[in-house]
Amino acid sequence: MRRSQLFGRTLRESPSEAEIPSHQLLLQAGMIRRLVVGMYSYLPLAQRALRKIENIIRDEMDAIGGQEIDMPLVQPAGLWQETGRWEMLVGRELAGFEDRFGRRLVLAMTHEEAVTDLVRNQTNSYRQLPLMLYQIKLKFRDEPRPRAGLIRVREFGMKDAYSFHADEADLDRYYAEMHQVYLNIFHRAGIDVVSVESDPGIIGGTEAHEFMMIADAGEDKIISCEGCDYRANADVAVMQKPQVNNGEPEPIDEIETPGQTTIEDVANYLGVKKEQTLKAVFYSTDESLIFAAIRGDIEVNETKLKKAVGATHLWFSTDEELRRYGLVAGYASPIDVKGVTVVVDDSVTATPNLIAGANKPGYHLKNMTYSRDFKADVVADISLARGGMTCAHCGGTLTEKRGIEVGNIFKLGTKYSEAMNATYLSQKGRPELLFMGCYGIGLGRLLASIVEANHDEDGIIWPPTVAPYQIHLMHIGKGDEVRQRGEELYTDLRAKGYEVLYDDRQESPGVKFKEADLLGMPLRLTISQRTLETDSVEVKRRTERDKDVVKLDELDPQRYL
RNA sequence: CGGGGCGUAGCGCAGCCCGGUUAGCGCGUCUGCUUUGGGAGCAGAAGGUCGGAGGUUCGAAUCCUCUCGCCCCGACCA
């Protein structure tokens with residue numbers, strides 16, 4: 001490709017709309033442009049890099065028996081009603097419209113329903129299993145807040161794969177294989193990832209892992225143990241809660257605590273530790289109000305809480321909602337509350353004599369003891385693990401980092417096959433539910449992550465496997481000879497099968513060098529009067545400072561890639 | 001949806017508080033000449049409904065109201 005013809009201008013300064021390096025560099029390098037928030041056009045250089053990424057993924061998917069298909073982006077709402085996800089998601093991430101006949105259509109944000117429908121009508125014998133289908137396709141999700149350039153967008157390319165198995169054991173086996181394949185893919189694409197246990201969320205299923213690239217720009221929190229290999233998304237991470245020796249249960253008693261409405265205040269005022277108090281946090285769901293009771297030293301994990309009560313959405317209760325249930329914010333007590341769902345963390349059941357609100361302003365109760373003084377509708381672990389806490393598995397110390405979720409895998413089990421009646425005939429001739437797994441990778445997000453992990457102050461440093469072009473060729477200096485020899489080398493390299501971006505413009509050396517650094521192709525070749533004196537070309541890797549000068553007839557770019 | 005910030009040329013910004021002819025600067029773009037190993041120099045040129053609408057005023061980029069859009073934090077998020 002001739003630089004003079006390349007569509008997409010580079011910028012000297014990065015646009016003010018971008019804050020994280022990948023966003024700044026992709027904009028500055030003329031690779032992406034925003035249409036509206038969360039929707040980007042990919043210009044030629046980005047498109048080439050994306051193709052490389054896709055082909056790595058295809059290669060790995062095919063290697064474990066995947067077959068590429070393509071399913072519709074626009075789907076009937078009825079399909080989503082079969083699994084109950086329409087009611088759950090419409091008006092949220094799932095966007096849709098009505099066609100001219102008044103039929104409700106949705107823009108698919110994922111394809112579990114579509115693929116299950118496809119397979120239930122195509123696959124009916126155990127002989128056809130296991131089966132893995134995948135596609136590389138646009139998704140639309142009506143994200144409430146797109147951010148960070150390509151990291152969270154509303155419309156994006158995704159590889160989604162779905163596997164079908166005769167039984168759970170085969171799904172387990174395949175899931176482990178896919179886990180390894182994912183590691184291979186990210187390694188080949190030039191980034192380091194770790195897999196973490198994760199929340200299956202609205203996809204559902206029994207087990208899930210996310211593949212995280214550790215990065216400050218990431219939106220997910222990862223809890224990992226320094227002592228063992230435990231790693232989990234903070235949404236689901238477990239920890240060992242500090243034991244509190246609070247003696248034998250003593251009689252409950254009311255104490256005055258004027259103006260002390262936070263755990264911090266109450267603990268200070270009464271001269272006790274936070275772990276000797278009971279914290280009350282209130283959430284509302286569409287059905288009820290949740291009284292979450294947890295020890296004062298621990299915070300509530302909303303994902304765990306959702307799971308404990310079987311809710312898909314919850315939010316902090318408003319003062320108005322609290323008043324309706326007769327609760328006094330700041331002095332709430334789990335004793336004798338009516339009409340609310342009381343969820344008690346196991347830290348509270350394990351610790352007697354806690355200080356809690358008396359449900360009237362200015363008073364707390366001391367020596368609150370679970371089961372003697374109050375009851376729970378649900379007892380569960382609803383605690384939020386944080387860095388510095390103790391690992392539940394080995395007693396080591398947990399650390400907390402941020403990560404970008406570049407991929408995820410789910411064991412769906414029979415969730416979809418059951419809801420959609422997708423069965424196969426077993427060896428015994430009986431219909432059995434299909435066991436399913438699904439596996440996603442966000443392409444644009446992966447592209448951004450690669451840049452996030454591979455850049456310096458001068459620009460992008462593409463890993464050779466995903467670089468838009470392998471070679472950035474240029475001639476510098478005046479005169480017909482450099483230009484002519486540049487042209488010759490350009491033709492020659494392409495004939496040998498190399499992907500070459502040729503800066504054929506009459507620009508000053510500084511301009512060309514700076515841009516080559518910004519665009520970040522792995523290998524830079526420069527022809528100048530100086531190199532031609534010895535019939536040579538200058539060779540420089542983007543990853544290195546040093547340059548080589550090699551004879552033109554001895555040039556073997558492959559050695560540098 | 002809540003909080004904060006911002007919309008002036010392709011990009012980066014000044015001007016706004018305190019209203020006053022033809023709205024500025026740098027970069028980029030175009031033309032010519034010079035220059036050619038790290039974002040060159042000189043000369044000239046094009047490019048703006050100051051996000052939009054309404055209002056106040058003799059007069060609005062500037063003040064007021066509404067509205068649209070963008071960024072960040074939170075909520076939310078496979």
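Every chain is numbered from 1, with letters handed out A, B, ... down the list of sequences.
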Notebook entry, point to check: Going by number, which of residues 442-451 of chain A have a non-hydrogen atom under 4.0 Å from RNA chain B?
Noted result: none
Polar pairs (N or O, both sides) under 3.5 Å between protein and nucleotides 42-47 of chain B?
none

Check: Out of G38(B), U36(B), G12(B), which has the shortest distance to the side chain of Phe513(A)?
Finding: G38(B)
Note to self: Using 30° and 60° as the class boundaries, would you call the ring planes of Phe211(A) and Tyr182(A) parallel, tilted or perpendicular?
What the structure shows: tilted
Check: Expressed in whole Å, how much space separates the P atoms belonging to C1(B) and U31(B)?
Finding: 49 Å
Next item on the list: Would you mind classifying the nucleic acid contact of Arg33(A) as base, sugar-phosphate or nothing, using non-hydrogen atoms under 4.0 angstrom?
Entry: nothing
Next item on the list: Using the P atom as the reference point in each nucleotide, state the distance between A40(B) and C27(B) in Å, no decimals.
Entry: 10 Å
N/O-N/O pairs, protein side and nucleotides 69-75 of chain B side, under 3.5 Å:
unit_1 : atom_1 : unit_2    : atom_2 : d
C70(B) : OP1    : Val37(A)  : N      : 2.8
C70(B) : O3'    : Arg34(A)  : NH1    : 3.0
C72(B) : OP1    : Ala148(A) : N      : 3.3
C73(B) : OP1    : Arg147(A) : NH2    : 3.4
C73(B) : OP2    : Arg145(A) : NH1    : 3.4
C73(B) : OP2    : Arg145(A) : NH2    : 2.8
C73(B) : OP2    : Arg147(A) : NE     : 3.3

Notebook entry, point to check: Between Arg505(A) (CZ) and U36(B) (P), how many Å, whole number?
Noted result: 19 Å
Notebook entry, point to check: Of all residues at least two apart in sequence or in a different chain, which pass the ring-ring contact (aromatic ring centres under 6.0 Å, His included) check with Phe156(A)?
Noted result: none
Check: If you look only at pairs with a residue in residues 194-210 of chain A, which of them pass as a salt bridge (Lys or Arg N to Asp or Glu O under 4.0 Å), with sequence neighbours excluded?
Finding: Asp199(A)-Lys307(A), Glu207(A)-Lys411(A)
Next item on the list: Select base, sugar-phosphate, or nothing to describe what Met158(A) touches, counting heavy atoms under 4.0 Å on all strands.
Entry: base
Item checked: Closest nucleotide among G38(B), G39(B), U35(B) to the Asp517(A) side chain -> G38(B)
Check: When every nucleotide of nucleotides 25-30 of chain B is labelled 5' to 3' by its protein contacts under 4.0 Å (heavy atoms), B for base, S for sugar-phosphate only, - for none, what sequence of letters results?
Finding: -BSS--
